[in-house]
Structures are given as C-alpha cells and as structure tokens.
Visitor: 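Here you go, one structure.
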Amino acid sequence: MMTKPELMKRMVKGPDGLEFEVDPLRDYYCEAPPTVMPGAYIQIVEDFFNWARSQSLWILGFGTGCGAIEMRPLMTPRFDAYRFGVAWRPTPRQANLFIISGYLSTKTLKRAIRAYEQMQNPKYVIGLGSCTINGGMYWDSYNTIKKLDEYLPVDLYIAGCMPRPEALLAGFEEMKKIIRAGKAEGANQYAENFAWYKANQKRVIHDWDMPDYNW
Amino acid sequence: MAMKELYARLKALYPLGELTDQRRDLAFVTLPAAHLRDTILHLRDKEGFTHLVLLTAVDWLEEGQFQLTYLLNNRQRACDLGLRVMISRDAATMEGIHDIWPTAATYQRELREMFGIDFPGSPRIEEEFILEGWNDIPPYRRDFDTLKYAQEAYAERPGRVTHDPETHMRLQMYPGQHPAGK
Amino acid sequence: MFDMFPPDRSQYPAAKPDGTLDIDLTSGKYLKLWQGPNHPGITGNMSVELTVCGDEVVEGKTHVGYLHRGFEKLMERRTFIQVFPIVCRVCVPEPDFNEYCYAACVEELAGIEVPEMAKWIRTLILEMGRINSYMMYLGGQAGALGQGVIGQWTTYVRDLMLDRFEELTGARIYHMFILPGGVRDTLPDGFAGRMEETLREVEKTLKDVYDVMFCNAVFKKRTVGMGVIDPSWLEPYGVTGPNARAAGVAKDVRKDAPYLVYDRLDFEPVTGTNSDIYTRADVRRRDVWVSVDLIRQILAKMPKTGPVMAPIPNVLHWKIPRGETYVRGECSRGEYGYYLVTDGSGTPRRINVRGPSYTHAMALLERMIVGCNISDVAALMVSLHTYPPEIER
Ligand code: SF4
C-alpha cells in the first residue's frame, strides 16, 4: 500500500499555537468494516419500510460514463423522473441509489467505491449500459472494468448502448419492485462478502492509497 | 504551390527531408531532431505558423523508431505543416517545446505516459496524467497487447462470443460449407 | 485574525525561482480543496485540485483520466469499418464530429469521392449537433450560477432536436450515421417541415433565454469582467472556437478553411469583444442563431435526390496504402480534428484525436483559475465549454 503524504501521521500546529498529532487513517476515518443491517423484527414492519424506501430513490449525481448524458433529459419535463419519487442529490450522504452510468475506468472505480461506501444504508446500485454488464464496446480495453458486480453489489442492470431514458424509467420501476419485495440486499451482501469485494477491488486498483473502508 | 515555395525557403535554412504534399493545404516534412527548435521558431515568428494544432507520436515498431508529429497551422494562409521527427525507440527522449507553446506541456505529459517518451524539463512531466498506478509498458506502444492485458487484469463475464468477420460472413452466405474450406 | 492576509494580494504567495508557487500547506494559511470528480459544479467526470487562501484560489491543477478508455489503442486493433462505430463514443455530447472527421480522413487516404447529397446531409447533421451542444452549454452555464430553469428549457428543445436526429438516424445520442464513403440514408419524407417546427421552438426558447439569463442582473454581475482570456493567450494556449471568437478573433474553421459545403452557405462568424464569461455565453447564444439559419439554408439549397454512398471496397479486406493526414472541423467548442496514419494494412496505424477541450481544460484553465473565487470556479470552467471524455479519450 502506497501512502499519500496527507494520509501520514504528522504533527500539526493549530491556529491557537497548540501542537497536536494527527493520524488521518485513525482520526478521519472509521476503521470498523460495514455490518449487516438486520431487517425489522416483524415482517409487516419491514414491508412497510421497504415500501417507504421504494418511494424515494435518491440518486447520486455522479456521472461515471457516457450514460450520464441521458440523466439531464430525465430531470426535465419531457421524461420527468421526479414524478416517480426519483431525485438527484449532489452528495453521497444524501443519496441511496448509485447509478453507474456506463464504463468505469480503474481511476473512476476507485472514486466510485469511495462514493458507494459513503452512502447511507440502505443503498442500491444500478448498472447502466452494456459496459457495466460485460465490458460492451470496450471489451478489450486495458483501462475499463468488464464486470461491475465483481467490485460493487449490483441490484439491477439496464441493458443498451446507450439505454434510452424510457429504459431508465422502466428500470426505476423494476428497482422499486425489487425493493418492495425485499430483495435489494446489495448493501448487506457487500458487508457479508466484504473481504471478497476488497480483494477484487485491490486486484485492479494498483495504487490503493486509501483506508479499506471509508464512510 | 504555396507549400512548395515555403519548402524551398525552409530548405535553404535547414536540412529538411522530402516534402509530402498531402492536400493543397497540408504537407508533411521530416527533419532531424536537432533542428526542430530552430525550425519551429522560424515558422512561428517569420512564416506565421502560430497555432500548434497537435503534438503526437506514432510508433514504428518494425523500424525501431518513434515518429513525433508537430502539426502547425497558419490561419492567414489557411495551411498546415506537419513536422516529423524520428527518434529512436529505446531511450526515447526529446527536447520539449513547452516554452514556445505552454499548451505543449500537456501533450508532452501524455506522450511521456502513453509512449514513454521523455521530455526533460517539461512541467509536471513526472506526474501521472491519465492512468493511475500503471504497472506495465506504456500502453500506446505497439508491443503492448491490450486484449491480453484486459483478460489477465479484469474478471470477465462468461458468454461473450467474438466472430471473425470473414468466417462469419462466409457461414452466413454459404451455409453448410466448412469455414476452413474456402 | 485577518492579519493572515497581507494587504498586497498580488504578492501572495511567493514564487520559487523555478516559477512554481511556494505553498506550505502545514502553515495553515492554505487549504487544499478538491472539486470533482463527484461534484455538481464540474463539467463532467474530471476534477480540479484547488489550493485556496481564504476563498481565493492561488493555484489550480486539472486532473483528468477518469474517462480514459484507450480509444487510440482500441482503434489500432480494429479494421477501418470496425473503428466507425466506436469513434462517436469519444465525445459524448457532440458525437457527430468524430464520425465526420474520421470518415473524411479515411476517404482522403483511400481516395474516395463523397457524393454531393451526402455532403449536404453531413453538414446538416453537424449543425444540428452544434445546436444540441450549445443547448447543453447554456443550461450548464446558467446552472453553475444557480439558474436552474434555463437548463429545463434548453434540455426541452434539445430533446426536440434529438427527435429529429432519431427520425433521421434512428438513435438519440450516438447516431453512427456518417460512415466512410457517405451517409447511411437520405432524409425521410416531410423532414424539412418538422425541422422547421423545431427550429421555431429553438428560436422561441432562445428569446426566452435571452430575457431571463442574459438580462438578469445577478447573472451579469457575476459574469461581466470575470474569467477574461487575454487575446495574447490565444496562440500560446491553442485557444480556438467560441472562446477565441469572444476575444475578438474570428477563428472559425468553417470560414477559414471551408469543408463540406460551408463555402456555399452564407454566414458570418460571431465574435465578441470583452472575452469574459458573459461574452463567451453571448457568442454561443448568437452562434445558435447562425446554426438555425444555416440549417434553413441547407434544407432549401440541398439537392432533392441523389446517391448518398460512394462505392467503397469490401470492408472485410479493406487496406489503405501508407500515408498520413489531418482533417479538422469546427465543432461547438473549437477545432476538432483527427490525425490518421495508415501503413498499408487493414487497420489504422495510429489515430490521434485533437479535441479543443484538451487545451482549454488543461493549460488554459490552470492559468485562468488563479485569483478566482471558489464560488466562481464552476462558472469559469463551464464557460470554457469543455467535455472531459474528449480530453482523455
Ligand atoms: S454501454 Fe455504450 S453508451 Fe453506455 S458507457 Fe458503454 S459505450 Fe457508452
């Protein structure tokens, strides 16, 4: 593991003149790995939660690939995804749905993992376009990943190159059905197989210079 | 025609190779690396080639050479001149032109990363530009096999089939015939 | 508290002898701030690393490569016709220029003469794509300054334009229509009429945009005099397109070296004088009017029938003799060009894509961002109109 200078232990002098030690990996990040979130004790309560969750899909506005260009029409009156309770949020902390909009280069994969881990539970991932499914156009490219579910738990794939906005709308509806049925267990799956996911991620991200779990 | 005159004028000053007339407004000329800087300065200051269109490299693996192409544009006369500089593939270094055009620094960073051509003294040349944590030979070199790298590095979903276009078309058009049977 | 900032801000921070800034992050005066890649105020998937002092940017570094797919390598592995479907993916919001430049390069080296009709249709598609791209820009520019409604309007007309694209080519974003040798098809019946309707809608929206965005006091206050590109930077930094035209230099490939049928169309490049964010936005707004006019001219002047494809060799065995060429076009951001080298085999030896964003978003942005306010960085970046996918390809 390479270490960036800003992640190394150092002495910092505060504005008031006091010196103190900072160890960013311990002080700024939580070391505890993610844990499985158990469902509610009574099934009917869990169903109610799932119904509520399905009604507000808040998307993280992180355009990772070409597919991001179709997000704009979705936000505007023509397709208007807002009427389905779908909204775009600028920060991972406010979002619960991460749309991987197309190919992921290894450099973006690193950021996508960080963004995913920073999102609050329960969280879902949609893979958009054939690039996330099997590499698509870039099946022989040296810089893009070919199979998204090796690195992040994917709940739903939307096929197409590039998928039309209507396909995305259908995908949102499908996603809601999955959530309501209680089958969108991506975050728990990630917590359960945390070591496996991390090993896969580290295999393609060669300069791993961040904490293993940064939320 | 204008290109020929320009070439004649330049030829009197610098040891240039043959002129390749590609179009009426586009020509390429080869010149030794040592004279590149003078030629570029002359072209920029005296001949009005003030716009650096692109700076890129071509890998001639078989000949053991990199071709650097400096494409300059003269807007007034609407013509382009490409300067070709051949440098050796091993220990490839070249003098930078980032002080003539600051924007060339970006091109040089890309060449350094993608081809492994060094431009000593160019700003931020050591920093990673596009790739992150790259651990193989520079990817745009011809001897880098991207398919092999991709198969080794990334997990693939089974089930992808690739058809060789020729065999596939033959089977489509003459079904039943064995593809190898020509 | 405020004695941290010396009164003379121009002396701040000091430069080292080699020209780089002497910034000591542990001193507590400076802060490193990353804007992007996941940030609403960024033009796509890229990032700038800002060093700020107070809220003033003292240094900015652009980081790209988040969208790198290795196109130039992939193209070397594909035959000439296999390259055609992937070129449009190089630049997502305005893909047609990739198709045109690539097709024109191949035609030139292979000695193919494109039929007249195909040239007109190509010009039509390029102009339609230009309107789309400018519409994205106008929405983005207003959005970066907090005016969300402009984006709603411009995306609406862009959708109408995409409908016309769909009618013509069958696809919304990636049209894959201009292939080496010509175009895939002629115009459908009644296309001109429906196009005219769309153009009227575009004009109506443009008028609204002018009233709401360009006459808005807040917009003016934040953009007039902001982010000036000095005309003397144009050549050193390779500035082209509307960014250069806003500085008073009528750099327009359509006029300087007419390609396709631009020499038979009547138009003047739009220029501005102030070279600030406002002028750049205004130049682009007026450029949409030019494109609208050009589309009308094209539809009126183009031949009604004729072949759209020149005969091309069997694509499975298509070999092109050794040669190299460069073809450029004026896209909505500036000069777009393809540099193609062939070596006599069935695949290209090397393709290099020269996108205008490459110079604008790297060297130029890093130069302009110094001294700017953090809250203006987004507006500044959008005003250069850069698309990250074409920087790193
Ligand atoms: S699936 Fe197609 S549109 Fe989507 S990211 Fe891949 S190439 Fe782009």
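Hydrogens, waters and symmetry mates play no part in the numbers below; they use all other heavy atoms, side chains included. Letters A, B, ... mirror the listed sequences (proteins, then strands); counts begin at 1.
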Visitor: Would you say the side chain of Leu71(B) lies within less than 4.5 Å of the side chain of Arg354(C), judging by non-hydrogen atoms?
Guide: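 No, their side chains stay 4.5 Å or more apart.
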Visitor: Does a side-chain N-to-carboxylate-O contact under 4.0 Å join Arg349(C) and Glu62(B)?
Guide: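 Salt bridge: yes.
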Visitor: Using only non-hydrogen atoms and a strict under-4.5 angstrom cutoff, which residues of residues 66-75 of chain C touch chain B?
Guide: His68(C), Gly70(C), Glu72(C), Lys73(C), Leu74(C)
Visitor: Can you find a side-chain donor-acceptor pair between Tyr339(C) and Thr56(B) that sits under 3.5 Å?
Guide: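 Their side chains do not contain a donor-acceptor pair, so the 3.5 Å distance test is not met.
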Visitor: List in chain and number order the residues that pass side-chain hydrogen bond (donor to acceptor under 3.5 Å, both in side chains) with Glu113(C), two or more places apart in sequence or in another chain; answer none if no residue qualifies.
Guide: none
Visitor: Would you mind telling me which of Glu76(C), Lys251(C), Glu366(C), His317(C) has the largest number of heavy-atom pairs within less than 4.5 Å of chain B?
Guide: Lys251(C)
Visitor: Does a side-chain heavy-atom distance below 4.5 Å link Thr240(C) with His51(B)?
Guide: yes
Visitor: Nearest 0.5 Å, please: how far is CG in Leu364(C) from OG1 in Thr106(B)?
Guide: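 CG of Leu364(C) is found 10.0 Å from OG1 of Thr106(B).
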Visitor: Are the side chains of Leu54(B) and Tyr326(C) in touch, meaning some heavy atoms are under 4.5 Å apart?
Guide: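 Side chain of Leu54(B) against side chain of Tyr326(C), heavy atoms only: contact under 4.5 Å found.
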Visitor: Could you tell me if the side chain of Gln67(B) sits less than 4.5 Å from the side chain of Arg350(C), heavy atoms only?
Guide: no
Visitor: How would you list, in number order, the residues of residues 28-44 of chain B that have a heavy atom less than 4.5 Å from chain C?
Guide: Phe28(B)
Visitor: Rounded to the nearest 0.5 Å, how far apart are CZ of Arg328(C) and CG of Asn73(B)?
Guide: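 The distance works out to 4.5 Å.
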Visitor: For chain C, which residues from residues 87-103 of chain B have at least one heavy atom closer than 4.5 Å to it?
Guide: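 From residues 87-103 of chain B, the residues near chain C are Trp101(B), Pro102(B), Thr103(B).
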